[in-house]
Amino acid sequence: MRVSPLVRAARQLTSAGGVRRAAHGAWVPETKITNLPTGLRVASETIPAATVAVGVWIDAGSRYETPETSGVAHFLEHLAFKGTIRRSKASLEEEVENNGAHVNAYTSRESTVYWMKTTEDKTEWALDVLSDLLLNSKLESGAIERERGVILREMEHVNKSMEEYTMDELHDVAFSGQGLGLTILGPIANIKSISRKDIHTYIKTHYTPDRITIVGAGSVDHERFTALAKKYFEPWAVPDAEPAFNTLEGEKSPEKLETAANFRTAVFTPGERRQDLEKQDLCHIAFAFEGAGWRSPYALPLQLMQDMMGTQYDRLAPVHVTPFFSEVGARGLLHNCNATNISYKDTGVFGLYLKADPRDMTRDPVPEPVLPAMMEAIIRHYTRFAYDVSEEELYRAKVNLKSVHLATTETFERIAEELGRQMLAYDRRMPAAEAFERIDSITVEDIKETARAICLDVDHVMVAAGKVDGLPTYEWISERNRVALLDPSTGYDWRLPWGGLPRPDVEVQRLSAVA
């Protein structure tokens, strides 16, 4: 295996007082992890500085909800800042501002995160604040009622983004009836009806020590940081400790509620959804194959394939680096496009979001409607990875992916974010040297094997919203992705529209014609 000079240098890392130094002289922080008897983990990376980023990463998000409780995780995140038994909402905000700190939180499909950035001398205070938010939130009825309106307004904002809207719809189709198919905010009916009891039950069921990692990055002494975590998060850190205040109310958690111990594997179901939206002038499409979970051998090749498709295209500022973007730019097939690759514990979503004007015609010698030509091009460029990948484009994708990894070290917040994410995804921290070595080890044959498993002759999920008339039928699109058609030995050439073969008749679906 060819090893890059960067990886060879990184392999020469040695211990230096808790911080490792690479052969080229750059500082590489050492990751220290302490596993407490309760299952709570404390992870830190020490970097000499005057500031720190600390946070709590919880292995609980919207996928652990049911249709009846959808939105509770996100609702709880909002309520955490609305007052505790020690701090009112106003005093919390004043205290954070007076200390020059920054505090925030977010909920995703698989995790919930609370974090702070402050100066080194206020590390203990930051852990005190975070523990207060997570263990002592009052969850007052008045705050719950006020927050309903806040979240409904947030939903309006989210739904104005057609990319977020169609990707949520795509998850609903791909993982119908499952936690991954639920939106993070939840449906309007749930937001209006979520009760204090629902929130208490969620905390007791999901905010358990075995699902939680406390993270620190920057000027952090790991031993002291661990001692402070034990002190301030005692209900999670110490066996048989008094329970957290916000778990004292409510009924006993039902044994059948989903927890880490009975995690349900997601099932990806191909299909589509089309929505004719009068207020939209363009056709917005989210298209995807089933991707790969974080620990899958296909996870890293898919990250490289995402880059080789092209991460972002805008016809007003076209960058024709990849073959796909070169074609859509030259033929005028679409307005904007973002390749996507989302990994979860056990599955993923690998595809793209795009928007196009169905009234446009291609710039081909014989112009044709863009929507059928665009969908044919998408299938052709995804499936070509199974047959034809150049060393040059793979090398460029590797360089870009390494740059993405390096960007996670730019600030302490990003270091803490990556450390927390990897602890939940891999149960360990993957050093940059290892990540680079893994990237360098991927070969052209690895990409082809991944494409054969993920993209070739595989049914897809698609959501189209806006002006969707003129879009080919699901069956027609699927028939473009068949081995018998795509095999280069038959004369098929992925570089040419329609593979260089005669253009087939297009089966177009019109919603206006549906009764």
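Values below: every heavy atom of this structure, side chains too, minus hydrogens, waters and symmetry copies. All figures in this text were calculated on a predicted structure; none of them were measured in a lab.
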With R87 via side-chain hydrogen bond (donor to acceptor under 3.5 Å, both in side chains) - residues at least two apart:
E95, D128, D132

side-chain hydrogen bond (donor to acceptor under 3.5 Å, both in side chains) partners for R428, two or more places apart
E434

Is it true that E413 and K117 make a salt bridge, defined as a side-chain N closer than 4.0 Å to a carboxylate O?
yes

Between the side chains of E124 and R224, is the shortest nitrogen-to-carboxylate-oxygen separation below 4.0 Å, so that they form an ion pair?
yes

For the side chain of S219 and the backbone of A50, is there at least one donor-acceptor N/O pair under 3.5 Å apart?
no

So which pairs with a foot in residues 95-115 pass ring-ring contact (aromatic ring centres under 6.0 Å, His included), sequence neighbours left out?
H102-W115

Set of residues satisfying salt bridge (Lys or Arg N to Asp or Glu O under 4.0 Å) with respect to E391, sequence neighbours excluded:
none

Measure the shortest side-chain to side-chain distance between S176 and T269 over non-hydrogen atoms and say whether it is less than 4.5 angstrom.
no

Do R211 and Y64 come close enough that some side-chain heavy atom pair is under 4.5 Å?
yes

Between E147 and K89, does a salt bridge (charged side-chain N to carboxylate O under 4.0 Å, His left out) hold up when you go through it step by step?
CA-CA 13 Å; E147 214 56 28; K89 176 179 179 293; over 6 Å; no

List the residues meeting side-chain contact (heavy atoms from CB on, under 4.5 Å) with N341, not counting sequence neighbours, and say none if there are none.
L302, Q303, Q306, F350

Go through the structure and list residues passing side-chain contact (heavy atoms from CB on, under 4.5 Å) with A174, not counting sequence neighbours.
F268, V461

Residue among M162, K355, M374 satisfying side-chain contact (heavy atoms from CB on, under 4.5 Å) with I285
M374

Might you work through the ring pair (Phe, Tyr, Trp, His ring centres under 6.0 Å) test for Y387 and F385, ending with a clear yes or no?
CA-CA 5 Å; Y387 300 106; F385 289 122; over 10 Å; no

Relative to W294, does R421 satisfy both conditions: NZ or CZ under 6.0 angstrom from the six-membered ring centre, and within 45 degrees of the ring's axis?
yes

Any luck finding a side-chain donor-acceptor pair between H222 and T34 under 3.5 Å?
yes

Give, for atom CE of M308 and atom NZ of K398, the distance between the pair rounded to the nearest 0.5 Å.
9.5 Å

Should the ring pair F289 and H460 be called parallel, tilted or perpendicular, given that the plane angle runs from 0 to 90° and is split at 30 and 60?
perpendicular

